[in-house]
Number of protein chains: 2
Amino acid sequence: MDAEAIKRSLEDTGLRCTPQRYAVMAFLMETDQHPTSAEIFEAVNRVDPRSSRATTYNNLRDLVQAGLVREVAIEGRAARFDAKGMRHHHFICDRCGNVEDIDWYDLPSPAPGSLDKRILRESEVIFRGLCAKCAPGGASRQA
Amino acid sequence: MDAEAIKRSLEDTGLRCTPQRYAVMAFLMETDQHPTSAEIFEAVNRVDPRSSRATTYNNLRDLVQAGLVREVAIEGRAARFDAKGMRHHHFICDRCGNVEDIDWYDLPSPAPGSLDKRILRESEVIFRGLCAKCAPGGASRQA
DNA sequence: ATATCACATTAGATATAGTCTAAGTTCTCA
DNA sequence: TGAGAACTTAGACTATATCTAATGTGATAT
C-alpha cells in the first residue's frame, strides 16, 4: 500500500495524518512481525528520530480505536500490534510468545444459544500452542 | 470437587498442598468469574489472612506450569485466571474485558499446511467481540 | 493575514502489574 | 534428629503503560 493510501485510510477514520502517526501505520503495514510498542518506537526513530514514547502509545491507541490496528495481549509480555489487512486468525506460541498470522477460514459458531446476544468480532480467534521453532524437534530459540 | 480431590490433583503434579496453594486452587475452582491475581489475593485473605502477594503470584505461576490453571491475557488489563476443568473455549469482551467460558466444541483445523510443524494446544481458542451487556441494547456496564 | 481552537506531540512523573531477593519457615526423608 | 528441598514473606525492584501540563501544528473563520 502506498503513502497516499495510508494517508486516506487514516483520514477516513477522522485521524490526522501526522508524520508520527503515519510512520507507525506504515511500519505496521510493512512488517509481519507483530512488533511491541518498544519495537515500533525504535523502528520509527531509526529512520528519522522524531517520535516520543508517549506519542507512539497515543498513536497506537488511536489506531486501535479507529479499527486500523489490532492489539494482541500475551501473558507476561508486552502487547503486540498488527495492522489489520485481510481478515485472519492468530496463533501465539505458548513457549516463545511469538505471534503468527493464520490465513482466514470460516469457523463454525459455538453451540446455538451459548453466544446469544454476543457479537463475535468477525469470528477471528486466537489459537495457542507451540510454534515450529518450539515444537519438539524444532530449533527452539526463545524469543 | 472436594478438598481431598484438590489435594490429590496438586500432588499428582508434584506440588505440595500448602494452605496458600490450596486456597488459590479452591477459589479458582468454585468461581466462574476468571479473577485477576489481585482478586484472588483478596479472596484468599478474606477467608483467613495468610497469603502474601508474592506467594499468590508464585502459586499461580506454579499452577499454570502444572497445567491446572490457565492464564488469560487481556489488552491493557491484569491477567485473569481460570481453573482448567472441562475443555472449553474463551470469549473476551472487547469493551469491558470480561472473560466467559464457551462450552467446548470441535473447531476445524486451519487450512492444511498453514500450521505445519506447529502444535495446537487442544485447539482451545479465544473469541473476541462484545458481551451481552456491552452489545448495542445491552446493559453495558464497564467492568 | 491572523486569531482561534481543536488536535497532536513531548518529557517526565506517575500508576499498575508482576518479578526478584534474601531471610525465615515447614515439610520430607534418610 | 538433622539436612536439604520446597515454600512463604515483605519489600525492593523492573517493565509496561498512562497521565499531566506545557508546547507545537494545522484548519477554519473573519
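If you're wondering where the values come from, they're calculated on a predicted model, not measured in any experiment. Atom set for the values below is all heavy atoms of this structure, side chains included, hydrogens, waters and symmetry mates excluded. Throughout, a chain's letter reflects where its sequence line sits, starting with A, and its residues are numbered from 1.
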For this session: On the 0 to 90° scale, with breaks at 30° and 60°, tag the A:F127-A:H89 ring pair as parallel, tilted or perpendicular.
Result: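 Aromatic pair A:F127/A:H89 classed perpendicular.
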Problem set entry | Test side chain to side chain contact (heavy atoms under 4.5 Å, CB included) applied to B:T56 and B:V44, step by step | CA-CA 9 Å; B:T56 304; B:V44 165; 5.8 Å; no
Exercise. Under 3.5 Å, side chain of A:E42 to main-chain N/O of A:E39, donor-acceptor pair present?
Worked result: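 Side chain of A:E42 to backbone of A:E39, a donor-acceptor pair under 3.5 Å: no, none is there.
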Exercise. Just by distance, do the side chain of B:R80 and the backbone of B:I74 share a donor-acceptor pair under 3.5 Å?
Worked result: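 Not confirmed, B:R80 side chain does not pair with B:I74 backbone.
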Expressed as a whole number of angstroms, how long is the span from [X]:[atom1] to [N]:[atom2]?
{"X": "B:E39", "N": "C:dA17", "atom1": "CD", "atom2": "P", "answer": "10 Å"}
{"X": "B:F81", "N": "C:dA17", "atom1": "CZ", "atom2": "P", "answer": "12 Å"}
{"X": "B:R80", "N": "C:dT16", "atom1": "CZ", "atom2": "C1'", "answer": "15 Å"}
{"X": "B:I74", "N": "C:dG18", "atom1": "CD1", "atom2": "P", "answer": "10 Å"}
{"X": "A:R50", "N": "C:dA11", "atom1": "CZ", "atom2": "P", "answer": "14 Å"}
{"X": "A:E75", "N": "C:dA17", "atom1": "CD", "atom2": "C1'", "answer": "14 Å"}
{"X": "A:R16", "N": "C:dC5", "atom1": "CZ", "atom2": "P", "answer": "15 Å"}

For this session: Check the pair B:E75, B:R128 against side chain to side chain contact (heavy atoms under 4.5 Å, CB included), reporting the backbone distance first and the verdict last.
Result: CA-CA 12 Å; B:E75 304 82 22; B:R128 302 300 303 248; 2.9 Å; yes
Exercise. Heavy atoms under 4.0 Å, any strand shown: does A:A79 hit a base, just sugar-phosphate, or nothing?
Worked result: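 The residue A:A79 makes sugar-phosphate contact but no base contact.
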Exercise. Which part of the nucleic acid does A:S37 contact within heavy-atom distance under 4.0 Å: base, sugar-phosphate only, or nothing?
Worked result: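 Contact class for A:S37: sugar-phosphate only.
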Exercise. Under 3.5 Å, is there a donor-acceptor pair linking the side chains of A:H34 and A:N98?
Worked result: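 Short answer, no.
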For this session: Go through DNA chain D in 5' to 3' direction and return only the first and the last nucleotide with some atom under 4.0 Å of chain B's heavy atoms.
Result: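 With heavy atoms of chain B under 4.0 Å away, the range is D:dA5 to D:dG11.
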For this session: Enumerate the residues from residues 51-65 of chain A whose closest heavy atom to DNA chain C is under 4.0 Å, giving them by residue number; use none for an empty result.
Result: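 Under 4.0 Å from DNA chain C: A:S51, A:S52, A:A54, A:T55, A:N58, A:N59.
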Exercise. Could you go step by step and tell me if A:E124 and A:R70 meet the side chain to side chain contact (heavy atoms under 4.5 Å, CB included) rule?
Worked result: CA-CA 11 Å; A:E124 290 175 12; A:R70 168 161 305 175; 2.3 Å; yes
For this session: Kindly determine whether B:L68 and B:D62 satisfy side chain to side chain contact (heavy atoms under 4.5 Å, CB included), including the steps that lead there.
Result: CA-CA 9 Å; B:L68 297 172; B:D62 295 343; over 6 Å; no
For this session: For A:H88, enumerate each residue passing the ring-ring contact (aromatic ring centres under 6.0 Å, His included) test, keeping only those at least two apart in sequence or located in another chain.
Result: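 Checked A:H88 against ring-ring contact (aromatic ring centres under 6.0 Å, His included); matches are A:H90.
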